[in-house]
Trainee: 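Okay, here's the structure, questions in a sec.
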Amino acid sequence: RRRPPAHSLWTSTMSFLRTVLNDSVIIHPPGFYIIGFQSFPYISVYFIFLAFVYVVTVLFNCLVICVIAFNHRLHTPKFLAVVNLAVIDVILNTCTIPSMIKIFLIKDNFIPFNLCLVQMFFYYVFGTLESYALAVLAYDRLIAICFPLRQNSVNTLRSMSCIVGLTWSFALGIIAFATGIITRLSFCNSVRVFSYFCDYAPVFRLACNDYTMQWSVASLLTFLLLIGPFTFILLSYVTILVTVFRMKSLDSRVKALATCVEHIILVAVFYIPLITIFMIGFYLRLIDPDQRVLSLSLASCLPPCINPIVYSLKTKEIKVRVLALLRKK
């Protein structure tokens, strides 16, 4: 006789245990099965595209990091914020793309419980840091355009280091708490996570005990980590526009706005898809699950690839040094 699948054995066993044990007993499975993308035709082509995205992400962001690190003239508050974004971009895509390729191309979609929590932690920490890094760049533009005479005294290397350090501390702390409370859930039903990684909401919705706290934390995180920084960026640009339109010279207005175009593109590419997916998918649940997985994977993986091309490498100081490096080689 054929043996039943492992997840079927686990489900039936846990259903039995749930009827026998008290609600106070926490039941953790050996792991989860990641089952996103299974219904998509020609999905291997998509993963070849993601492999290309990952290579571009690593190469271009590492180039930006090296150029800034080895040029002392670029050790300024602005380029500290740029390096911060580049480091986050590399780690964010490293958290998901290699495991996605392993899961869906090699067909090894089982992930142990503890490793699932580790992946969840790192993805959301660096997703949070990506959001705050874009807000930090908006702060840099705000000081440079609205307070040009006080820029060198207000936006110093020390103050920027403190801001970046605070964002890292906050992200690590709040995501550690959010991930930690997942361990208080019992998983007695399905262990099949419909996503492309150990996603927070698809995991806690598999629990057989009350997950109200996890749902509340997920809702709070959506506002703290996406809506909050996005609102700060919008208010920054409202202030910038007011300052720009008060300038008497048309040439000064154009130059000031030109320094913001690339950052606005990054903000649009990162925030608009994610906020739309989270609002429609998490709260309203109006989006098809397959479309949610595909849209969320693109919205998460493309910005780290686009950031160095659109923003960092188009910055005059970095472009000059990259061209000089290429000529020298």
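Just so you know, these numbers come straight off a predicted model, no measurement behind them.
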Trainee: Testing the basics here: between L185 and I26, what is the closest heavy-atom pair and its distance to 0.1 Å?
Mentor: O-CG2, 3.5 Å
Trainee: Is any side-chain heavy atom of L298 closer than 4.5 Å to a side-chain heavy atom of P273?
Mentor: no
Trainee: To the nearest 0.5 angstrom, please state how far the CD atom of E130 sits from the CG atom of L274.
Mentor: 9.0 Å
Trainee: Does the side chain of T212 come under 3.5 Å of the side chain of D210 through a donor N or O and an acceptor N or O?
Mentor: yes
Trainee: Rounded to the nearest 0.5 Å, what's the gap from NZ on K78 to CZ on R141? Could you check?
Mentor: 5.0 Å
Trainee: Shared ILVMFWY cluster between I272 and L226, side chains joined below 4.5 angstrom?
Mentor: no
Trainee: Are any non-hydrogen side-chain atoms of M120 and I182 less than 4.5 angstrom apart?
Mentor: yes
Trainee: Around F122, counting heavy atoms of other residues, nucleotides and ligands shown, do more than 12 lie under 6.0 Å from its CZ?
Mentor: no
Trainee: Roughly how far apart are I265 CD1 and C260 SG, rounded to 0.5 Å?
Mentor: 11.5 Å
Trainee: Is there a path of hydrophobic side-chain contacts, each under 4.5 Å between heavy atoms of I, L, V, M, F, W or Y residues, that connects I264 with L302?
Mentor: yes
Trainee: Are a donor atom and an acceptor atom from the side chains of S236 and T239 found within less than 3.5 Å of each other?
Mentor: no
Trainee: Is any side-chain heavy atom of L225 closer than 4.5 Å to a side-chain heavy atom of F170?
Mentor: yes
Trainee: When you look at N61 and I88, which way does the side-chain contact (heavy atoms from CB on, under 4.5 Å) test go after all the steps?
Mentor: CA-CA 9 Å; N61 280 294; I88 292 164; over 6 Å; no
Trainee: So which atom in L221 and which in A178 form the shortest heavy-atom distance, rounded to 0.1 Å?
Mentor: CD1-CB, 3.7 Å
Trainee: Restricting to non-hydrogen atoms, name the atom on Y196 and the atom on I34 that form the minimum distance, rounded to 0.1 Å.
Mentor: C-CG2, 3.8 Å
Trainee: What heavy-atom pair brings I65 and A86 nearest, and what distance separates the two atoms?
Mentor: CG1-CB, 3.7 Å
Trainee: If hydrophobic clusters are built from ILVMFWY residues whose side chains come within less than 4.5 Å, do V136 and F147 share one?
Mentor: yes
Trainee: Side chains of S190 and Y33: is there a donor and an acceptor less than 3.5 Å apart?
Mentor: no
Trainee: Would you indicate whether the side-chain heavy atoms of F110 and V191 approach each other to under 4.5 Å?
Mentor: no
Trainee: Tell me every residue that passes ring pair (Phe, Tyr, Trp, His ring centres under 6.0 Å) with Y271, counting only those two or more places apart in sequence or in another chain.
Mentor: F230
Trainee: For V261 and L257, run side-chain contact (heavy atoms from CB on, under 4.5 Å): C-alpha distance rounded to whole Å, both residues' side-chain angles, the deciding distance at 0.1 Å, then the answer.
Mentor: CA-CA 7 Å; V261 172; L257 290 175; 5.7 Å; no
Trainee: State, without any angle test, whether D140 and N155 hold a side-chain donor-acceptor pair at a distance under 3.5 Å.
Mentor: yes
Trainee: Enter the distance from I174:CD1 to S169:OG here, rounded to the nearest 0.5 Å.
Mentor: 12.5 Å
Trainee: Sub-3.5 Å donor-acceptor pair from the side chain of H75 to the main-chain atoms of I68, do we have one?
Mentor: yes
Trainee: Is the shortest heavy-atom distance from the side chain of L137 to the side chain of V82 under 4.5 Å?
Mentor: yes
Trainee: Kindly work out whether a path of hydrophobic side-chain contacts (I/L/V/M/F/W/Y, heavy atoms less than 4.5 Å apart) joins F223 to L129.
Mentor: yes
Trainee: Using the side-chain contact (heavy atoms from CB on, under 4.5 Å) criterion, which residues pair with L80? Sequence neighbours excluded.
Mentor: L157, M160, S161
Trainee: Under 3.5 Å, which donor-acceptor pairs link side chains of residues 90-104 to any protein atom two or more places apart or in another chain?
Mentor:
| residue | atom | partner | partner atom | Å |
| --- | --- | --- | --- | --- |
| N93 | ND2 | T57 | OG1 | 3.1 |
| N93 | ND2 | C301 | O | 3.1 |
| T94 | OG1 | Y54 | OH | 3.0 |
| T94 | OG1 | V90 | O | 2.6 |
| S99 | OG | T96 | O | 2.8 |
| S99 | OG | Q119 | NE2 | 2.9 |
| K102 | NZ | D108 | OD2 | 3.2 |

Trainee: Strictly distance-based, threshold 3.5 Å: is any side-chain N or O of T167 a donor or acceptor partner for the main-chain N or O of V164?
Mentor: yes
Trainee: Rounded to the nearest 0.5 Å, what separates atom CG in D89 from atom CG in L85?
Mentor: 4.5 Å
Trainee: So, do I275 and T222 sit near enough that their side-chain heavy atoms are less than 4.5 Å apart?
Mentor: no
Trainee: Donor-acceptor check, side chain of S195 to backbone of C198, threshold 3.5 angstrom: yes or no?
Mentor: no
Trainee: May I ask you to test the I35-V193 pair for a side-chain heavy-atom distance under 4.5 Å?
Mentor: no
Trainee: Of all heavy-atom pairs between S186 and I27, which one has the smallest distance, and what is that distance?
Mentor: OG-N, 2.9 Å
Trainee: Given Y124 and D199, is the side-chain contact (heavy atoms from CB on, under 4.5 Å) satisfied, shown in steps?
Mentor: CA-CA 9 Å; Y124 280 100; D199 201 352; 2.3 Å; yes
Trainee: Is the gap between the ring centers of F32 and F187 under 6.0 Å?
Mentor: yes
Trainee: The test is side-chain contact (heavy atoms from CB on, under 4.5 Å); show your working for R253 and K248 and say whether it passes.
Mentor: CA-CA 8 Å; R253 293 180 186 178; K248 295 179 181 179; over 6 Å; no
Trainee: Less than 6.0 angstrom separating the ring centers of W168 and F126, yes or no?
Mentor: yes
Trainee: Do L134 and V238 belong to the same hydrophobic cluster, where Ile, Leu, Val, Met, Phe, Trp and Tyr are linked whenever their side-chain heavy atoms lie under 4.5 Å apart, directly or via other members?
Mentor: no
Trainee: In the structure I gave you, are the side-chain heavy atoms of R205 and Q214 within less than 4.5 Å of one another anywhere?
Mentor: no
Trainee: What closest approach, in Å, do I145 and A256 show between heavy atoms, and which atom pair accounts for it?
Mentor: CD1-O, 3.6 Å
Trainee: Once rounded to the nearest 0.5 Å, what's the spacing between atom CG of N71 and atom CZ of R73?
Mentor: 8.5 Å
Trainee: Below 6.0 angstrom between ring centroids: does that apply to H263 and Y237?
Mentor: yes
Trainee: Does any donor atom in the side chain of N84 or Y132 lie under 3.5 Å from an acceptor atom in the other side chain?
Mentor: no
Trainee: If we ignore hydrogens and angles and just use 3.5 Å, is the side chain of T128 paired with the main-chain N or O of A171 as donor and acceptor?
Mentor: no
Trainee: Aromatic rings Y123 and F197: how do their planes relate, parallel, tilted or perpendicular, breaks at 30° and 60°?
Mentor: tilted
Trainee: Any donor and acceptor pair, going by atom type alone, linking the side chain of S153 with main-chain N or O of R150 inside 3.5 Å?
Mentor: yes
